[in-house]
Every structure is written in C-alpha cells, then in structure tokens.
Number of protein chains: 2
Amino acid sequence: MVVYAGQGDPRRSIELLWRGTVAEKRSGPKPGLSVDSIVDAGIAVADEQGMAFSMRAVGERLGRTAMALYTYVPGKNELVDLMYDRTMAELPTSYSLDDGWRPAVTQWAHDMWECYSRHPWVLQVSQARPVLGPHEFAVIEALAAILVSTGLPGRELRGIVGAINYFVRGAAQTVAEARAAGGATGEADEEWWYARSAVLLEIEPDLEKKFPMLHVLENDREPATSDLADPELPYLENDAVENFRSGLRVLLDGVEGAVAKP
Amino acid sequence: MVVYAGQGDPRRSIELLWRGTVAEKRSGPKPGLSVDSIVDAGIAVADEQGMAFSMRAVGERLGRTAMALYTYVPGKNELVDLMYDRTMAELPTSYSLDDGWRPAVTQWAHDMWECYSRHPWVLQVSQARPVLGPHEFAVIEALAAILVSTGLPGRELRGIVGAINYFVRGAAQTVAEARAAGGATGEADEEWWYARSAVLLEIEPDLEKKFPMLHVLENDREPATSDLADPELPYLENDAVENFRSGLRVLLDGVEGAVAKP
DNA sequence: CGAGGTTACTTTACGTCGTAAGGAGTCGCA
DNA sequence: TGCGACTCCTTACGACGTAAAGTAACCTCG
C-alpha cells in the first residue's frame, strides 16, 4: 500500500502538523502517551519493518493497544504524515553559499540521500500529495534558497528543483528499497541479485546479444577499489553511490549551463 | 503496500516473464483463462483502482473467483511483475538518431511520461528490485542505445541513464499519483489542492514570510495561456508539464556539456 | 466404452490489516 | 459527591492475500 498523504479531514491533519499537540488539559486521566511519542515509535517501527508497519506494532512498542493511538492521531495516514515531517526535521534548514551554489546543492543532495538511507520508508510516501508539513517546506526552502542565488528566474528554477529532488529520491530508492526488501525476506540484496541474474542467464543465455547497449553500459567499470569506494559497503551499494555522484554532476553541469547563458 | 518485485521463486517468475505461457496440454478441463488474459484484466483493474487493486477484483472481471488466478500465476507480486512488463511493451524499442541524440532522448522521455500517465500504478512498482522482464530491458536498452551514440564512456552513462530515468519517473509521479488519489477518494486534484492550501494559509497566515524562497519560485509564472499549454488539462497539470519540460532541458544541457568536454 | 489420473476452478477458512463502537476506569471541577 | 470529559481497552467488522481441500471436467489408456 502506498500511503497517500492526508486523506482525512484536512484541517485536523494540518493542525497536527503545524501546531503540534495543543496541551489544554481539562479533566480525565493523565495522558500516558503524546503525539510526539507515537510519532517517534512509528518512525522506529517503520525503520525496522518498512512502510508496511502496523498500528498494532506501534501500539505494542508503547505498551498500548493499537486503538489507544486513535486518541491522539486520526488514523494511519495522518500518522505517516507526521512521521514524514518529523523525519524531514533531521535535515539542515540552510546551507552556506560561501563557496557558491554548487557545493551547497551537492551537500543538500548528500544530506537528503543519507536521510533517505536512514529511513527508507520515507521514499514510499507519495510525492504527488505533499505532506505540507513545516519541515518538508523547510527542506525545499533550503534548496530553493541555494538555487535562487544563481539568479535564474523562478520559472526555470521550478523545473530544476524538481529535477534535483526527483533525482535524489530515485537514486536513494535504488539502494534503500533494496536493503529494506532484503531485510523483509531475510535475503541480503547481493544474494537476491545474484540468484536472479543467474536464473535469468540460464533461461535467456544470449541476453547480452539481445541488449548490447546495456552490456556496454555495464561493462565499463572502474577498478574495484577506487579511492571513493567504501570497503565497508557491499559492491552494489558502492556502485549506486558512484552513479549517484556522476548523475548529480551531470545534472548540476546543466544548471551551470543555464546560469552561464543569458 | 508497495509491491516488491518477485519475492517468490525466482525461476518461476522469470520463466513467466520471458517464456510466457508454455502451452503443453495433457489432460483435464480446458483452461478458461490464460496468463495473458489475467495480466490484461489486472492492468485494466489497476488503471481504474490503482495499485491497491485486489485479486478478488481481477478474478471478478474475468468471471472467476480470486483463487482461480492462482492456477496461472503464483501470487499477486508475480502478477504485478507481469503487468509491469506488459505495460513497458507499449513503448518503442528504438529511436531515430537522424537528428542527433537529444531529440531522441526527449522523445523517449515523453513516451515514458505518457505511459506513466496511462498507467499510474506502474510508478508504485519498486525501482530497487527491477522486474527484469524483457520489455523493461528493451525500454532501458532503447535509452542506452541513444546515449551510447554520444560517445561517452559507460561509466558516465550509467549515472546519466539513472538521472533521466529518475527524473521522468518523479515528474510523472507528481501528476499521475495526484490524479489517481483524487479518483480513489472521489476528490479531484484541484479541489484537494485548494482545500489544503486554504486551510494551510488559515492556520499559518505568514507562510510566505517563513519560506520566502519558495514564494519566489512560485510566483514567476508565465502568462496563463502560453502556446504550449493544453486548455483541456487542469491548471496544475499544465504546470507540471511545464516543469517537466524545463527540468529535462536542464538535465540534457548537462549531458551536452559532458559530451562537449574531453 | 469406462476407469483413473490430471487439471480448472470453487468453497471455506486462516491470519493479517485499519478502524468503528462501546464500555471501563480515572481525573478535574461543580 | 457526582457529573462530564478523558484515556485506554475489548470486541467486532469487513477488507486483504492465499493455503487447503473439495468438485467437476477432460484426456489417455485399457
């Protein structure tokens, strides 16, 4: 299930996102939980089990039943929105422009990438219906602030912001989801991949002849240990990081071109 | 639920993807269905209801129960894989290079975009664990074939292929998922958006002051009816198309820069 | 032609999910 | 002291994917 952001009452969710818990106690027993604690628990559970976490699991982590959560949060969708926005709060809200826009954007992209790596489930939250939380705004504001300094018109910047955003998300997905799925089935990513391609080659032996250009792409490899490679990480992951770096470079070259032109 | 590609027996799914139905009949009643018909029905249902379609719905469309499908297909994950690959078959497998690589890539991106628009659920199929079907290969092969003609080394092209792919997917998602979600709740995208931003402005009146750079981005609009705008489409969608065009332009400028450089 | 095995499809059922409904206990305030 | 508001629980419903077992159609072999 892909969670579409905020299908419930818009006012309720947006208030939760922007105002936090409004603590005006009247009567009744003391709340043992809080929206914050539930969001934290939700993030912890989702980090472990992915986006298919259950309300029951979140409740259990807090020593409550699933239904207890509904006192604080209207439903799972809204909880996911809150978790999403909380996660975005991990990211810096501004970047130094001392060295120009390019290092700043690069840093933004890497921070984003790492945040996605820590919380892969975030990548499953629908893009199309933005959560519209304060921290999500802040993250995009940070990127926008960097890019506005190029002097490009907003018309052009919108496409660029989108492109950078999509690129980082997509690239992170390639790594992060693989890890998550591996965890879910207990199957490591590498093994999954090798099992797959072995079967594929067995069934379709002349694969390379059928798709020669893919073969060209795959085969021009760096020496196994480039100075950038992290020996801690599995091969596939270093590969993905390398593609991330070079893809981002090209994308930013394009931006640079736009800046240089009239 | 995000559907991870092929968590079942790898051999079985890959055989289904590459060999199709192996028709060697022996005995027993005549099959009333086929893998093909099930995949078609699945696509039709998913086009209507999104990725959260149910096996029961697919069965019903074929006049069968959900369990009847399991005679032909190992499970829902595998069915989604097949649906995904079938969808990719709608796309061209090669592009003319007569006018150079750039118009070809642009065409590829637009074809991809339109395919995603027709079948928004495709965007929910996990990127990380590629389906590894023949038509998915063919689509990437087509893009690779175009880009190899630039003469760039494979090392660099991998990042570029990724960047273009991610960009198109992300941009399509922004439009397509919005439409799909609107359909699911019976709420049109425009209305959803306006309701949301109205509440947001009510709760957070000085939003523009808190995020001034986003304001800059949003406000440099073209005149409402540019020659590219499609009056049939809602405003938000034309906007997204415009951002798609300009983002792609910047990205390809970057590629051009890489081609020009040593 | 008839028996037996194979196959297509159905019925039933299990365990999961999100969450609606209603009740039990706890506290602040009249 | 009691009322109303509040938290949290139990129970239950209808969805989901799919396992297990049953029924009936059909081919092949005697």
Side-chain angles (χ1 to χ4, degrees), chain A residues 1-9 12-13 21-38 41-42 45-46 49-83 124 184-185, chain B residues 1-4 6-9 12-13 21-38 41-42 45-46 49-81 83 124 184-185:
Chain A
M1 172 198 54
V2 162
V3 176
Y4 291 111
Q7 296 215 342
D9 175 20
R12 178 83 189 276
S13 358
T21 322
V22 201
E24 34 165 311
K25 260 307 293 287
R26 300 256 158 206
S27 65
K30 286 180 187 166
L33 301 177
S34 65
V35 175
D36 277 356
S37 66
I38 292 174
V45 173
Q49 320 194 349
M51 174 91 313
F53 74 93
S54 73
M55 295 296 272
R56 285 167 172 89
V58 177
E60 199 167 359
R61 172 172 273 258
L62 295 163
R64 303 292 138 96
T65 65
M67 290 312 292
L69 310 180
Y70 286 82
T71 308
Y72 302 87
V73 154
K76 193 187 181 185
N77 286 330
E78 288 79 1
L79 174 55
V80 169
D81 284 2
L82 292 166
M83 287 162 55
Q124 328 264 78
T185 55
Chain B
M1 171 198 54
V2 162
V3 176
Y4 291 112
Q7 296 214 342
D9 175 20
R12 176 82 188 275
S13 0
T21 321
V22 202
E24 35 165 312
K25 261 306 293 290
R26 299 260 162 206
S27 65
K30 287 180 186 166
L33 301 178
S34 65
V35 174
D36 277 356
S37 67
I38 291 175
V45 173
Q49 322 195 348
M51 174 92 311
F53 74 95
S54 72
M55 295 296 270
R56 285 168 171 87
V58 177
E60 198 167 0
R61 172 172 273 259
L62 295 164
R64 304 291 139 97
T65 65
M67 290 311 293
L69 310 179
Y70 287 82
T71 310
Y72 301 87
V73 154
K76 193 186 182 185
N77 286 329
E78 288 78 3
L79 173 55
V80 169
D81 284 2
M83 287 162 55
Q124 328 264 75
T185 57

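For the numbers below, each heavy atom of this structure counts, side chains included, while hydrogens, waters and symmetry mates do not. So that the names make sense, note that chain A is the first sequence line, chain B the second, and so on, each numbered from 1.
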Can you tell me how far [atom2] of [N] sits from [atom1] of [X], to the nearest Å?
X       : N      : atom1 : atom2 : answer
A/Leu62 : D/dC9  : CG    : C1'   : 15 Å
B/Met51 : D/dC16 : CE    : C1'   : 14 Å
B/Arg12 : D/dT18 : CZ    : P     : 12 Å
A/Leu69 : D/dC9  : CG    : C1'   : 12 Å
A/Lys30 : D/dA5  : NZ    : P     : 21 Å
A/Met55 : C/dG18 : CE    : P     : 7 Å
A/Glu60 : D/dC9  : CD    : C1'   : 15 Å
A/Glu78 : C/dG18 : CD    : P     : 13 Å

Within the structure, does a side-chain N or O atom of [X] lie under 4.0 Å from either OP1 or OP2 of [N]?
X       : N      : result
B/Ser27 : D/dT28 : no
B/Tyr72 : C/dC9  : yes
B/Thr71 : C/dC9  : no
A/Lys76 : C/dG18 : yes

Side chain of [X] (C-beta onward), nearest among [options]:
X       : options               : value
B/Ala68 : D/dC8, C/dC9, C/dT26  : C/dC9
A/Ser54 : D/dC8, C/dC17, C/dT10 : C/dC17
B/Met67 : D/dT7, C/dG18, D/dT18 : D/dT18
A/Pro29 : D/dC6, C/dT11, C/dA8  : D/dC6

Results of side chain to side chain donor-acceptor pair (under 3.5 Å) for B/Ser54 - residues two or more places apart only: none
Test item: B/Tyr72 side-chain N/O and B/Leu33 main-chain N/O as donor-acceptor pair under 3.5 Å: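 Present.
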Nearest atoms (heavy-atom pairs only) where B/Phe53 meets B/Lys76: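 It is O-NZ, 2.7 Å.
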B/Gly32 vs B/Arg56, nearer the 5' end of DNA chain C by closest nucleotide: B/Gly32
Cut-off 3.5 Å, no hydrogens considered: what does the side-chain donor-acceptor table look like for residues 57-65 of chain B, sequence neighbours left out?
residue : atom : partner : partner atom : Å
B/Arg61 : NH2  : B/Glu48 : OE2          : 3.0

Any N/O donor-acceptor pair, A/Arg64 side-chain to D/dT7 base, under 3.5 Å: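 There is none.
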CA sep, side-chain torsions, deciding dist, call: A/Tyr70, A/Leu79, side chain to side chain contact (heavy atoms under 4.5 Å, CB included): CA-CA 10 Å; A/Tyr70 286 82; A/Leu79 174 55; over 6 Å; no
